[in-house]
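Take a look at the structure set out below.
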Amino acid sequence: MGGADRTWREGPVTVRVPATSANLGPGFDALGLALAHYDEVTAELSPGPSTVSVSGEGADSLPGDDRHLVLRTMHTVFDTLGVPRPGIALRCVNRIPHGRGLGSSAAAIVAGVLAAGALLRDGPLVGPGLAVARERVFALAADIEGHPDNVAPCVYGGCTIAWRGDSTSERSGPSPIGATDFVRGGSEETKPRWEAQRGGGGWAAARFEPFAGLSPVLCVPEERLATERARGLLPERVPHADAAFTAGRAALLVAALSGRPELLLAATEDRLHQDYRASAMPATAALVAELRKRGLPAVVSGAGPSVLVLASGEDHSAVRDSTAGEPGTAWHISPFAVDHTGALVTSPDV
Ligand SMILES: Nc1ncnc2c1ncn2[C@@H]1O[C@H](COP(=O)(O)OP(=O)(O)OP(=O)(O)O)[C@@H](O)[C@H]1O
Ligand SMILES: N[C@@H](CCO)C(=O)O
């Protein structure tokens, strides 16, 4: 993919990326859900060195230079595609809280991949008509993030199961680009219930629609927990019985999310990560235990410390009746709709 014949798009491009919740209990590093709560990034070519402006989450703390995750990702994309890094003016409107288990880093990375792709006229990531080559965007973003379970729902929307194949079960290297690789938006009516996606580098994801009544609620605390730190708490090995238990629950969870909500409580049990991390987020562990005792399918969202309830029916009022809903509590209870579309280039309009 030589860069010599590429042309840059005139004027700004804007991309929109959803928050995500990963793991969903037993699906460690595999299952994820896209939430209708978005960051937006606008990028355009600029003479001179790159600049970054941030409003919202992280406005006071994120770096304004090329250490910024979105800009860093764009540089990685340009290097990968073999095009010289141009000067870029980046404007970020951040709504996804950072370090709370809502996939902010995956969203920033997907935004960077898409923005870089959209600045290149009819490139391999964003093609004619600003349609997104989602397999390639997913593969590049998963390589940068290191695990695919937030990146997959961020790119595809809905629910996803993501994995990385070994060399015997997956082809390696980027997938060939053809017209069918590009998707712009997509409506519910035209979307198949299941779509298998195969990214480059062995990354792959299967997308499915959750049942229509799924209405996730997040209990988000003030404090943060870096994913890196939470991953450091996991053991190298787990007992076979725990692995078998959790594999069964993960399989059950796909059935539950596909239309058997009465199975959600049993299907969200996990023995691979939540208990090992509880010491770093005791209030989260206590709230998950309390909500589950009340019959609600509560799990740690991503690497924590937010709590996700895979709610339906009357569950919202039950969450508000818990200690998370008490006046003066440090929890913010936020109901989110499911995002069905995934990451998009929203401007220029074509
Ligand atoms: N929009 C953004 N712009 C720049 N950097 C970001 C942005 N979002 C996240 N980051 C970087 O990623 C860090 C948070 O990533 P981390 O993986 O620890 O948590 P998370 O992605 O919010 O949660 P989880 O991975 O559990 O869902 C932030 O502290 C910041 O350094
Ligand atoms: N699967 C990841 C999700 C957070 O990014 C973890 O739990 O570490």
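For ligands, and for the atoms within them, numbers begin at 1 and follow the listed sequence. Side-chain atoms are counted along with the backbone in the values below, which use heavy atoms only and exclude waters and symmetry mates. This one's a predicted model, so the numbers in the text were calculated from it and none came from an experiment.
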Ligand 1 N/O within reach of E228 N/O, cut-off under 3.5 Å: no
Short list, please: which atoms of ligand 2 are under 4.0 Å from a heavy atom of F28? 1 (N), 6 (C), 7 (O), 8 (O)
Check whether any N or O atom of H273, backbone or side chain, sits under 3.5 Å from an N or O atom of ligand 2, and answer yes or no. no
Answer yes or no for R207 and Y156: cation-pi contact, defined as NZ/CZ to six-membered ring centre under 6.0 Å and angle to ring axis within 45°. no
Take atom CD in E262; do more than 12 heavy atoms of anything else shown fall under 6.0 Å from it? yes
V132 side chain reached by L125 side chain, heavy atoms, under 4.5 Å: no
Flag the pair W163 / F28 as yes when their ring centroid distance falls below 6.0 Å, and as no otherwise. no
Distance filter under 4.0 Å to R231 heavy atoms, resulting ligand 2 atoms: 1 (N), 2 (C), 6 (C), 8 (O)
Under a 4.0 angstrom heavy-atom cut-off, which atoms of ligand 2 come close to D149? 1 (N), 2 (C), 3 (C)
Pairs of nitrogen or oxygen atoms closer than 3.5 Å, one from G103 and one from ligand 1: do any exist? yes
Other residues, nucleotides, ligands: >12 heavy atoms within 6.0 Å of R229 CZ: no
Quick one: does A226 get within less than 4.0 Å of ligand 1, heavy atoms only? yes
Contact partition for T20 relative to ligand 1, non-hydrogen atoms under 4.0 Å: neither
Please confirm whether E145 comes within less than 3.5 Å of ligand 2 when only nitrogen or oxygen atoms on both sides are compared. no
Have T20 and N150 got a donor and an acceptor in their side chains that come within less than 3.5 Å? yes
For the 3.5 Å polar cut-off, considering only N or O atoms, please tell me whether H98 and ligand 1 meet it. yes
Using heavy atoms and a threshold below 4.0 Å, how should the contact between E57 and ligand 1 be classified: side chain, backbone, both, or neither? neither
Applying a 4.0 Å heavy-atom criterion (strictly less than), which segment of T227 is in contact with ligand 1: side chain, backbone, both, or neither? both
I need the atoms of ligand 2 closer than 4.0 Å to a non-hydrogen atom of N150, numbered in the order shown. 3 (C), 4 (C), 5 (O)
Is atom CZ of R294 surrounded by more than 12 heavy atoms (other residues, nucleotides or ligands) closer than 6.0 Å? yes
Between T227 and ligand 2, which residue portion shows a heavy-atom distance shorter than 4.0 Å: side chain, backbone, both, or neither? side chain
Below 4.0 Å, non-hydrogen atoms only: which portion of R277 touches ligand 2? Side chain, backbone, both or neither. side chain
Is the Lys NZ or Arg CZ of R249 less than 6.0 Å from the centre of F245's six-membered ring, within 45° of the axis? yes
Is S105 in polar range of ligand 1, meaning some N or O pair under 3.5 Å apart? yes
